[in-house]
Peer 1: 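Can you keep this structure in mind? I'll have questions shortly.
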Protein chains: 2
Amino acid sequence: MTGELNQLGLNRIVRHIRDGRASCAEVAEVFVSRIRARESTVGAFESFDEEEVLESARRLDGMPDAGPLRGAPIGVKDVIDMRGHTAAWGSPIYRGRMPHGDASCVALCRAAGGNLFGKTVTTEFAYFSPGRTVNPHNPEHTPGGSSMGSAAAVADGMLPFAFGTQTAASVTRPAAYCGVIGYKASWGSFDLQGICGLAPSLDTLGFFCREIEDIPLMRSVLCGDRADLEPRGDGDGPRVAFVKTPHWEQADDATRNLLTKAADSLADLTPTEEVELPPGFGDLADCHNGIMAFEAARARAYEYLAHADLLSPQFRELMETGRAVTHHAYRGLKGQAAEAMNQLATLFDRHDVLLAPSATGEAPLGLGSTGNPIFSRMWTLLKVPSVTLPAGRGPAGLPLGIQLIGRLDEDNALLRDAQWIQAALNLN
Amino acid sequence: MTGELNQLGLNRIVRHIRDGRASCAEVAEVFVSRIRARESTVGAFESFDEEEVLESARRLDGMPDAGPLRGAPIGVKDVIDMRGHTAAWGSPIYRGRMPHGDASCVALCRAAGGNLFGKTVTTEFAYFSPGRTVNPHNPEHTPGGSSMGSAAAVADGMLPFAFGTQTAASVTRPAAYCGVIGYKASWGSFDLQGICGLAPSLDTLGFFCREIEDIPLMRSVLCGDRADLEPRGDGDGPRVAFVKTPHWEQADDATRNLLTKAADSLADLTPTEEVELPPGFGDLADCHNGIMAFEAARARAYEYLAHADLLSPQFRELMETGRAVTHHAYRGLKGQAAEAMNQLATLFDRHDVLLAPSATGEAPLGLGSTGNPIFSRMWTLLKVPSVTLPAGRGPAGLPLGIQLIGRLDEDNALLRDAQWIQAALNLN
């Protein structure tokens, strides 16, 4: 049984423990031994203390009412503070930085009985300069970024759940590349205290997990929303809009085939149509980039002004780009984004969920780049919730994903639709 | 001359230095000696290092191109990180907490040549439980809160400028009580990295200063907006809406007379009319309170869950209130606020600026409370910019203020109108 435990999602693990089928210690041991076996290959962790984790599990075994996450192993991206562990934010500037407490999401998980398993590798300040994690499906390929350690650890069965953050494509892309579920919340859903910010009007907390129903469970812990989804019936499918997006030509053949086939299959089961995004949406990736640069130049001003020599060339370039964006231009970009948000809201009058690519294709070969963020920028800019589902493999044998996008602040409705689509497409 | 220097605003100090009328060191010495003389009475500072400040001034004297704030003394509320100084956030939990760097606003001021003078007293986590600062006009009265040290230091001539933050009334109220200019920016104007958050959808950086034109100067440093205002001509006054607000009955006679007279005087000079706020605005203070509690219960989850015994009873109560607000109720409150924001935007089609009370009256007697936040809650909730101007004295001889409110994200337009109104009412 323990051999399968590390393939289960958060809900099932919690239920296993609650029903007495496994103790918190047994669960912890299963994941610890997987980490012991695989970490030297995958390199997902920035810090992990076996004794601490097992001790915590034993303590939780003595606390039957510890909460809805009792005994569940949880990973934390290294841009997120966790008491007793360094949080270096992927930068040599902060090597050895010991936080003064838990980030809100960590504190809330702890209070719900979660077993905080350690810190996972991040790119520098959650931007593009990679850490050492590899893709667990093929170590010569990137796992994507910035939440690279979290995506790889969940994909490899080292954790059932891990936190990431997204400012451009930092959850969606690594989830797709690693073949796990990736959820980027509606902007503003969760508190971000204790998390290193990059561009505050874009920064969002995200989850990596194995089952869709794990997402509402964690949402309930963080923001008190309901923990369960009300499943749609067989004949009650969502109205799907297949959006190729203005970047369709950048997707490879495998991705275009995957998406087109998914849309065709859905069309047999539920109202599904291809929808062209409003004119101007082709400019939103640049709009996103300008806003991100402007805000990052302020959010990480201290590091640029006091420690520029310790920044990667990529990050310095982001800072310099951001400093060159005028306040007037920034306001223009914000106006453009606000108008597009209104247009997108109108689109949701006729459709429940959008189907779009998660990434341009499989995880690219090489570890020097985290891949192309183009298929996420727009959705992050528009603040809408997104979930990426694993959907088969590409020509190199690496995972592909499909992305589902929902109405702003209607995250559980999106997840319900995603669950329906996942079953309809046999993606389980 | 040095005797007057500590009465000057930021712009004038910077110009004095630039024109060679005083060195950075001379300016620093003037403020240092004022602090030395008055700090034991006022208690505005959490940390202040005379040698560090004088050394920094001497260094700036050797850097003629240090930037637009060269040599200007700046104070920093203790919820804001400043390198080399503890930031205890007004809580015994964080006594001795040494930050890992500068908050964004501090880093940007430093890079612009500002002389960071030290940390000013805050209430616990910028909520209601007071620190030790007294009102410099009468030490038996509160200076207001939460940015109590910043307001008192500027009022007392110990600093020309200091940062505060506002989540409810933490800039407007202490500015009014201490008789200085208080500016709460449009929500989202400035980066808040390195600042202890209380309720992220409400938290805003604010300024305390002596002259309105100091505000665009600091805005230019923080977000690159233009540093100067284009003054309105004599016959080109703003269209003023006098809003008594649904809380008018809570204002004392002196405040009601002050506002009524101000409206009458303005009516002789520029289109001014009394305007009733839309129905439902009377509920916005409660709406603000519910949102603040819900968000604070997440933002300060770690402190509540790990260190409840070190929280004040007031703060514990806020946490418990917030934990009792359901996600459904919170969403309802957010919807209510969004609708009111739309209604307020409509009101600005016919008026340029709103005139309203800053507080219920003078600073109340006693140091156990920071006073009533009622006249700020609504405007903080609606994210609009606000500036409070000193406007005479009340029956106890303590300062009174008037509050001017502008369109969202049109902060410099508000400041231009405030400048016109200040001159029209002879408030200088």
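What's counted below: heavy atoms across the whole structure, side chains too, no hydrogens, waters or symmetry copies. Please read all numbers here as calculations on a predicted model, not as lab measurements. Within every chain, numbering begins at 1; the chains are lettered A, B, ... in the order of the sequence lines, protein sequences first and strands thereafter.
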Peer 1: Does one side chain, of B:Tyr183 or B:Asp214, offer a donor that lies under 3.5 Å from an acceptor on the other?
Peer 2: no

Peer 1: Just give me the residue among B:Ala299, B:Ala306, B:Gly101 that pairs up with chain A most often, heavy atom to heavy atom, under 4.5 Å.
Peer 2: B:Ala299

Peer 1: Measure distances from B:Ile195 to the heavy atoms of chain A and classify the residue's part below 4.5 Å as side chain, backbone, both or neither.
Peer 2: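 Looking at B:Ile195, just its backbone touches chain A.
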
Peer 1: Most heavy-atom pairs under 4.5 angstrom with chain A, which of B:His100, B:Arg298, B:Glu303, B:Gln193?
Peer 2: B:His100

Peer 1: Counting heavy-atom pairs closer than 4.5 Å to chain B, which one of A:Gly188, A:Ala301, A:Gly197 comes out on top?
Peer 2: A:Gly197

Peer 1: Might you work through the side chain to side chain donor-acceptor pair (under 3.5 Å) test for B:His85 and B:Glu46, ending with a clear yes or no?
Peer 2: CA-CA 9 Å; B:His85 286 250; B:Glu46 199 56 61; over 6 Å; no

Peer 1: For the backbone of A:Ala88 and the side chain of A:Asp78, can you confirm whether one donor and one acceptor N or O come within less than 3.5 Å of each other?
Peer 2: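 Yes: the side chain of A:Asp78 pairs with the backbone of A:Ala88.
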
Peer 1: Are B:Leu408 and B:Phe348 close enough, and set up right, to give a side chain to side chain contact (heavy atoms under 4.5 Å, CB included), and what steps lead you there?
Peer 2: CA-CA 10 Å; B:Leu408 183 63; B:Phe348 277 113; over 6 Å; no

Peer 1: Does any heavy atom of chain A fall under 4.5 Å from the side chain of B:Leu192, the backbone, both, or neither of them?
Peer 2: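 For B:Leu192, neither part sits under 4.5 Å from chain A.
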
Peer 1: What part of A:Ile93 gets within 4.5 angstrom of chain B, counting heavy atoms only: side chain, backbone, both, or neither?
Peer 2: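 Interface part for A:Ile93: neither.
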
Peer 1: What residue, out of B:Met98, B:His307, B:Arg226, has the most heavy-atom pairs lying under 4.5 Å from chain A?
Peer 2: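 Option with the greatest count: B:Met98.
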
Peer 1: Given B:Arg97 and B:Asp81, is the salt bridge (charged side-chain N to carboxylate O under 4.0 Å, His left out) satisfied, shown in steps?
Peer 2: CA-CA 10 Å; B:Arg97 173 185 173 280; B:Asp81 283 350; 2.9 Å; yes

Peer 1: Side chain, backbone, both or neither: which part of B:Cys105 has a non-hydrogen atom closer than 4.5 Å to chain A?
Peer 2: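 Contact with chain A involves no heavy atom of B:Cys105 at all.
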
Peer 1: B:Thr204 and B:Gln166: side chain to side chain donor-acceptor pair (under 3.5 Å), yes or no, with the steps?
Peer 2: CA-CA 5 Å; B:Thr204 332; B:Gln166 176 156 317; over 6 Å; no

Peer 1: Is any side-chain heavy atom of A:Ile291 closer than 4.5 Å to one of A:Glu295?
Peer 2: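 Yes, their side chains come closer than 4.5 Å.
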
Peer 1: For B:Arg110, which atoms come within 4.5 Å of any heavy atom of chain A: side chain, backbone, both, or neither?
Peer 2: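 For B:Arg110, neither part sits under 4.5 Å from chain A.
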
Peer 1: Pair A:Lys77, A:Ser146 - check side chain to side chain donor-acceptor pair (under 3.5 Å), show working.
Peer 2: CA-CA 9 Å; A:Lys77 183 180 181 182; A:Ser146 64; 2.6 Å; yes

Peer 1: Should A:Phe190 and A:Phe207 be marked as a ring-ring contact (aromatic ring centres under 6.0 Å, His included) after you check the CA-CA gap, both sets of side-chain angles, and the distance that decides it?
Peer 2: CA-CA 12 Å; A:Phe190 305 126; A:Phe207 308 163; 5.5 Å; yes

Peer 1: Only heavy atoms, only distances under 4.5 angstrom. Which residues in residues 317-335 of chain B are near chain A?
Peer 2: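 Heavy-atom contacts from residues 317-335 of chain B to chain A are B:His327, B:Arg331.
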
Peer 1: Report the C-alpha separation of B:Thr167 and B:Asp203 in whole Å, then their side-chain angles, then the decisive distance to 0.1 Å, and conclude whether the side chain to side chain donor-acceptor pair (under 3.5 Å) test is met.
Peer 2: CA-CA 5 Å; B:Thr167 307; B:Asp203 294 343; 2.6 Å; yes

Peer 1: Who wins among A:Leu222, A:Val106, A:Asp409, A:Asp225 for the most heavy-atom pairs under 4.5 Å with chain B?
Peer 2: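 Heavy-atom pair counts peak at A:Asp225.
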
Peer 1: Mind checking whether B:Phe125 and B:Ser91 have side chains closer than 4.5 Å, heavy atoms only?
Peer 2: yes

Peer 1: Checking heavy atoms, do the side chain of B:Tyr94, its backbone, both or neither come under 4.5 Å from chain A?
Peer 2: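 Side chain only.
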
